[in-house]
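First the structure, in the form of structure tokens, and then the observations on it.
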Amino acid sequence: MIDLKYLQNNFNEASAKLEKKGVEAKTLENLQNLFTKLKEANATLEASKAEQNSMSKLFGQYMREKRDVTELKAKVDANKEAMVPLQERAREAEEALFFIALAMPNFPDDSVPEGADENDNVELRKVLEPKTFTFKPKEHWELSEINGWIDFERGVKLAKSRFSVLRGEASRLERALINFFLDTNAQKGFIEHSVPFINNSTMLQGTGQLPKFEDDLFKIDDEDLYLIPTAEVPLTNLYNDEILSEKMLPLLMTAYTPCFRKEAGSAGRDTRGIIRQHQFNKVEMVAIAHPDKSQEIFEMMVQNASDILTALGLPHRVVELCHGDLGFSAATTIDLEVWLPGQNQYREISSISNTRDFQARRAKIRFKDGKKNRFVHTLNGSALAVGRTIVAIMENYQNEDGSIEIPEVLKKYM
RNA sequence: CGGGAGAUGUCAGAGUGGUCGAAUGUGCCGGUCUUGAAAACCGGUGAGGGUUAUACCUCCGGGGGUUCGAAUCCCCCUCUCCCGGCCA
């Protein structure tokens, strides 16, 4: 959630920032008005409550002194009745405010490049040269067919489209990758966690998936529970509604989880292969950081993900997202895109974001800064998406006959 | 899933309608004493909103109700523990 006090006190600056994320100035004016209204409503209500409280206290005193209370009771009854509409007004003001405030995206950092969509993202650097093939490299689904690695049809039979089954060597490769990722992250100080793959709505709201993106989530029938779309949700919300001591920071966490996404709105995109599935595996990094330290941790996380790709011998590029491509919760995001020779293009394999205090406000994650409580900064990033890494290995390590080499660093894991 | 008990500050634990944001112990912070530490003694010590700072409002698992007034009475929910069932 955005800082409403900041919006109120620096309206022009704030609205300029959010306009770049496609929020109309009108919406923000509305939000600002609602905030002002809420504060007024609360002030009036609280004054009335104060009066009620003091009269009630007096009432008790009269009773003890055995004095007559009829007159006082009449006053207190009248005030109580007058409070009803004030209460209603405050409740409505709060509801109206939160309805809009929870749908407001984060302020982008000042450093975020201008732009409308992914074409305006800024390439920061390329790492490793794509190798030149003496034959036409195949796409991963063709290679899958030759090696029997992925069973698309039976995955669909078991569930529905966009589900698949890995078999044999591919399945072992997946397991090896998960272990390699977790071990590497652990070496960088990220503590491994095993978390529930189902979380409740409060947690999903904390990280920003709810209420706005409910359609992207798989919900459990008749329960306030959702399959997690990323381990960012359970890891970040591990500290939901907590006040941490400053010396606990930074909390560096990593977890392997499956991720479940409805992929609503992406019909027709990446329908072949396992690039875009309803269920995929991912190893995630999450950091809960002191606000002064979040930038350096962000850079460390980007470097870590890039190092993993480098260790696997996978050519990739580091891309800074522009305003238009930035996600809902992110203040700044860097994507890693891996080279896929079969597709002849770079494809996203990791996305690392600093949400600053946006999620911390929603999830109420604070730390003690001396006497005061302050919101932490939360960061998240993939290291890495497992399925897409398999695709990348298949396409980059393919031989002319369709066989696939295993990267050197993974051999000890298989 | 069935039966029973419970949920209060860091923790333990009192409080069953007003003087309770909450006894007492413990932990933590500061001080006295000490060469230093421990012990002992003295003082401080929950959160959120609000204010320049006060005032003031809210919070005793969550929600609703009764009442002038609720930690305390009533209803619903959640969670924890114990017993039984089922089970990797």
Side-chain angles (χ1 to χ4, degrees), chain A residues 1-10 31-98 101-102 194-206 210-211 219-226 234 237-249 257-258 288 357-376:
Chain A
M1 181 138 79
I2 59 168
D3 184 349
L4 293 171
K5 268 191 227 166
Y6 168 75
L7 176 73
Q8 190 173 49
N9 297 331
N10 309 274
L31 188 62
Q32 191 191 24
N33 287 337
L34 288 170
F35 185 53
T36 310
K37 262 193 203 149
L38 176 65
K39 279 174 57 170
E40 281 169 6
N42 276 337
T44 317
L45 177 63
E46 279 179 18
S48 181
K49 274 183 180 172
E51 203 180 332
Q52 189 76 0
N53 286 343
S54 69
M55 282 195 288
S56 285
K57 239 176 212 156
L58 199 60
F59 200 103
Q61 195 185 318
Y62 277 26
M63 295 288 276
R64 257 173 277 128
E65 293 168 2
K66 309 240 191 290
R67 286 168 63 178
D68 180 43
V69 291
T70 32
E71 199 180 320
L72 183 60
K73 172 133 167 62
K75 267 169 78 177
V76 109
D77 281 342
N79 189 58
K80 195 186 181 189
E81 203 164 316
M83 246 164 61
V84 173
L86 300 181
Q87 225 138 13
E88 186 61 14
R89 193 160 66 102
R91 202 189 55 77
E92 277 170 7
E94 186 171 295
E95 202 169 284
L97 177 74
F98 274 83
L102 284 174
S194 299
V195 294
F197 303 156
I198 298 175
N199 281 192
N200 64 45
S201 62
T202 306
M203 303 306 127
L204 272 304
Q205 181 176 297
L210 288 179
K219 186 176 192 306
I220 310 288
D221 249 1
D222 301 323
E223 300 249 28
D224 180 38
L225 294 170
Y226 298 81
N237 283 295
L238 228 34
Y239 296 94
N240 188 298
D241 200 18
E242 290 194 28
I243 299 166
L244 309 167
S245 71
E246 191 173 345
K247 33 176 205 298
M248 288 171 78
L249 304 177
T257 71
I288 293 181
D357 64 2
F358 184 81
Q359 291 179 327
R361 281 176 192 283
R362 292 176 155 250
K364 304 200 246 324
I365 309 174
R366 293 144 295 172
F367 73 100
K368 274 254 178 276
D369 188 14
K371 197 93 181 80
K372 285 259 178 218
N373 294 326
R374 286 176 66 193
F375 289 109
V376 297

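Quick note on labels: first sequence line is chain A, next is B, and so on, each numbered from 1.
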When Lys73(A), Lys75(A), Lys80(A) are each screened for salt bridge (charged side-chain N to carboxylate O under 4.0 Å, His left out) with Asp77(A), the one that passes is Lys73(A)
Would you classify Leu72(A) as touching base, sugar-phosphate or nothing, given that sugar-phosphate means primed atoms plus P, OP1 and OP2, and contacts are heavy atoms under 4.0 Å? nothing
Nearest to the Arg64(A) side chain among U19(B), U51(B), C56(B), which nucleotide is it? U19(B)
Please name the nucleotide paired to G84(B) by Watson-Crick or G-U wobble geometry with both distances under 3.5 Å, or report none. C1(B)
Suppose we define a pair by two distances each less than 3.5 Å, Watson-Crick or G-U wobble; what does A12(B) pair with here? U24(B)
Watson-Crick or G-U wobble partner for A7(B), using a 3.5 Å limit on both distances? U78(B)
Closest heavy-atom pair, Leu102(A) versus Pro211(A), reported as atoms and distance to 0.1 Å, is CB-CD, 3.8 Å
With heavy atoms under 4.0 Å as the rule, sort Gln52(A) into base, sugar-phosphate or nothing. sugar-phosphate
Ser56(A) side chain: which of G18(B), A47(B), U67(B) is closest? G18(B)
Counting heavy atoms from C-beta on, name the nucleotide in C68(B), C57(B), U51(B) closest to the side chain of Lys39(A). U51(B)
Side chain of Arg366(A) only, please: which of A47(B), C68(B), C57(B) is the nearest? A47(B)
Looking at C57(B), U67(B), A47(B), which one has an atom nearest to any side-chain atom of Lys368(A)? A47(B)
Ignoring the backbone of Lys49(A), work out which of U58(B), C56(B), G69(B) is nearest its side chain. U58(B)
In this structure, are over 12 heavy atoms from other groups packed under 6.0 Å from Glu71(A) atom CD? no
Does a side-chain N or O from Lys57(A) land closer than 4.0 Å to OP1 or OP2 of G18(B), or not? no
Should G43(B) form a Watson-Crick or G-U wobble pair with both distances under 3.5 Å, which nucleotide is its partner? C29(B)
I want to verify a distance call: between U58(B), G18(B), A47(B), whose nearest atom is closest to the Asn53(A) side chain? U58(B)
